[in-house]
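Below: the structure, in structure tokens.
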Amino acid sequence: MKIYNTLTKSKEEFKPLEEGKVKMYVCGPTVYNDIHIGNARPMIVFDTVRRYFEYKGYEVNYVSNFTDVDDKIIKKANEEGVTCREITERYIKSVKEDMKAMNVKPATVHPRATEEIDGMIEMIKTLIDKGHAYEKNGTVYFRTRSFAGYGKLSKKNIDELESGARIAVNEEKEDPLDFVLWKPKKEGEPAWPSPWSEGRPGWHIECSEMSKKYLGDQIDIHAGGEDLIFPHHENEIAQSEAANGKEFATYWIHNGFLNIDNKKMSKSEGNFFTVKEIGAKFPLEVLRFFMLSVHYRNPINFSRELMEATQTGLERIKTAVFNLNSLLKSVEDKAMSEEEKKELENVAALQAKFEAAMDDDFNTADAVSVIFELVKLANSTVTGQNSKEFVQKTADEITKLCDILGVVAEQEEELLEEEIEQLIEERQAARKAKNFARADEVRNLLLEKGIVLEDTREGVRWKRV
Ligand code: AMP
Ligand code: ZN
């Protein structure tokens, strides 16, 4: 498996720190509004990376934070006259809904910055003790020049950075390149006690600490959008490596940006969409499939036409699987013919091609093309004369490859009315027999299929939700 590493600017063979395991940290959103479709890109892309590792048999420990203390959150809370906590709770709930609708798996852990302040204070203390940080008037700064490797990720030269840095009047920093680890509170801001002042952490230290706490000093992969390379990830490396004395992450991977109609997405230009806005127009699995149609390092252009084309493509896949599943009900359960066995070799070759694409720096664009090749093959070869085993294997292959990308190819069959009535009767009988466990089981089973029961005086009513 090869991964493009921003740190070395080259594709490298993936070698985990520990055999069979992947430890990865993905910088998460600042929770002050509904996420936009640009924020959705790293979520979908790195969830797919995770799924592919899992498919390959790795155990993935996937950590992604919520930044829940930030100027934008404070501003929003003041505008609405509510607490920061109300804002962050609201938007964490919102982002979780969006993730579910895009079939992004919950992380192994979703730490929140405000719940990890003690650890951040400890890390800052270590940095001060080691001479990598200093305090001035309640603020703690990282002494950038004390870290020899500064600039290694973004390929920036420290002296060039220095000459470009603006030196503000009354600068309390020793050097304009130094950045904040801890800052004292201003009136009306959330704050925590610390040895230096009542205040809050800087953004970069949050990720260094949460990654250390949940994954250890060293991790395999650190990921995020390409805008985070500098200064965020550069500063994370400086803090973590200075504090822990070890290489932080082996691979740094970054997604390209999403543009709209070939222009930068921006609120002021009016070309700005939240995931929820797109969700009102398209099923969000279409957005996921769309994101994967382009290699994650390239820019991706979003437009209604491209989304419509993606939706048509996805429907083609689903229809093929639906047709195969329908055939399964009528085809003969007989031994596979020699011809079918040969045909399955072509199917296996396509799976190998899919894996080769994914092994080459997660080339989902090529992987998606392979799925379409497979669908074409299925549509042109499978008929009612085939054996059940052959039809099943072909359907399973399409479903499996889609599943690796987090795309559901198999529509769940809706329960028929008579099946619902039958289950309701079974539940009533279970209740009569005081077998409440079974009665609940049936109710939950119906719920999973989108059927809600309502017990009324006239009997049980049901509706689809
Ligand atoms: P933020 O909440 O701004 O820190 O962003 C959360 C994540 O979304 C980061 O990994 C950003 O790099 C990423 N991101 C923000 N805007 C875009 C965009 N237009 N295209 C792709 N990724 C983006
Ligand atoms: Zn981060």
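In listed order, ligands and their atoms are each counted from 1.
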Between H233 and H204, is the ring pair (Phe, Tyr, Trp, His ring centres under 6.0 Å) condition met? List the steps. CA-CA 8 Å; H233 287 167; H204 316 301; 9.5 Å; no
N/O/S atom of C207 under 2.8 Å from the Zn ion (ligand 2), yes or no?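 Within the cut-off used here (under 2.8 Å), C207 does place an N, O or S atom near the Zn ion (ligand 2).
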Any N/O/S atom, side chain or main chain, of C27 closer to the Zn ion (ligand 2) than 2.8 Å?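 A backbone or side-chain N, O or S atom of C27 is under 2.8 Å from the Zn ion (ligand 2).
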So is G256 in contact with ligand 1, going by heavy-atom distances below 4.0 Å?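 Checking ligand 1 against G256, which is what was asked, there is a heavy-atom contact under 4.0 Å.
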Any H36 heavy atom less than 4.0 Å to ligand 1: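 Yes, H36 has heavy atoms under 4.0 Å from ligand 1.
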Do the side chains of R51 and E54 get close enough for a salt bridge, i.e. N-O under 4.0 angstrom?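 The answer is no: the pair does not qualify as a salt bridge.
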Identify whether the distance between the nearest side-chain nitrogen and carboxylate oxygen of E234 and K155 falls below 4.0 Å.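 Salt bridge: no.
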Can you tell me the protein heavy atom closest to [atom] and the distance?
atom: atom 2 (O) of ligand 1; answer: T30 N, 3.2 Å
atom: atom 13 (C) of ligand 1; answer: P42 CG, 3.8 Å
atom: atom 1 (P) of ligand 1; answer: N39 ND2, 4.1 Å
atom: atom 17 (C) of ligand 1; answer: F257 CZ, 3.5 Å

Check the pair H132 / F147 against ring pair (Phe, Tyr, Trp, His ring centres under 6.0 Å), numbers first and verdict last. CA-CA 7 Å; H132 291 294; F147 180 67; 7.1 Å; no
Heteroatom distance test ([X], ligand 1): nitrogen or oxygen, under 3.5 angstrom:
X: G225; result: yes
X: G38; result: yes
X: R41; result: no
X: M265; result: no
X: E226; result: no
X: W203; result: no

Checking S197 side chain against G138 main chain: does a donor-acceptor pair fall under 3.5 Å?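 Yes; judged by distance alone, with no hydrogens or angles, the pair exists.
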Other residues, nucleotides, ligands: >12 heavy atoms within 6.0 Å of K353 NZ: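 Counting other residues, nucleotides and ligands, NZ of K353 stays at 12 neighbours or fewer.
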Name, closest N/O/S atom of E236 to the Zn ion (ligand 2):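 Minimum-distance N/O/S atom of E236 relative to the Zn ion (ligand 2) is OE2.
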Could you tell me, atom by atom, which parts of ligand 1 come under 4.0 Å of a heavy atom of D227?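 It comes down to these atoms of ligand 1: 11 (C), 12 (O).
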Taking 4.0 angstrom as the limit and counting only heavy atoms of N255, give me the atoms of ligand 1 inside it, by number and element.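 Taking each heavy atom of N255 in turn, ligand 1 has 21 (C), 22 (N) under 4.0 Å.
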Tell me which one of Y25, Y214, F66 satisfies ring pair (Phe, Tyr, Trp, His ring centres under 6.0 Å) with H110.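 So the option named by the test is F66.
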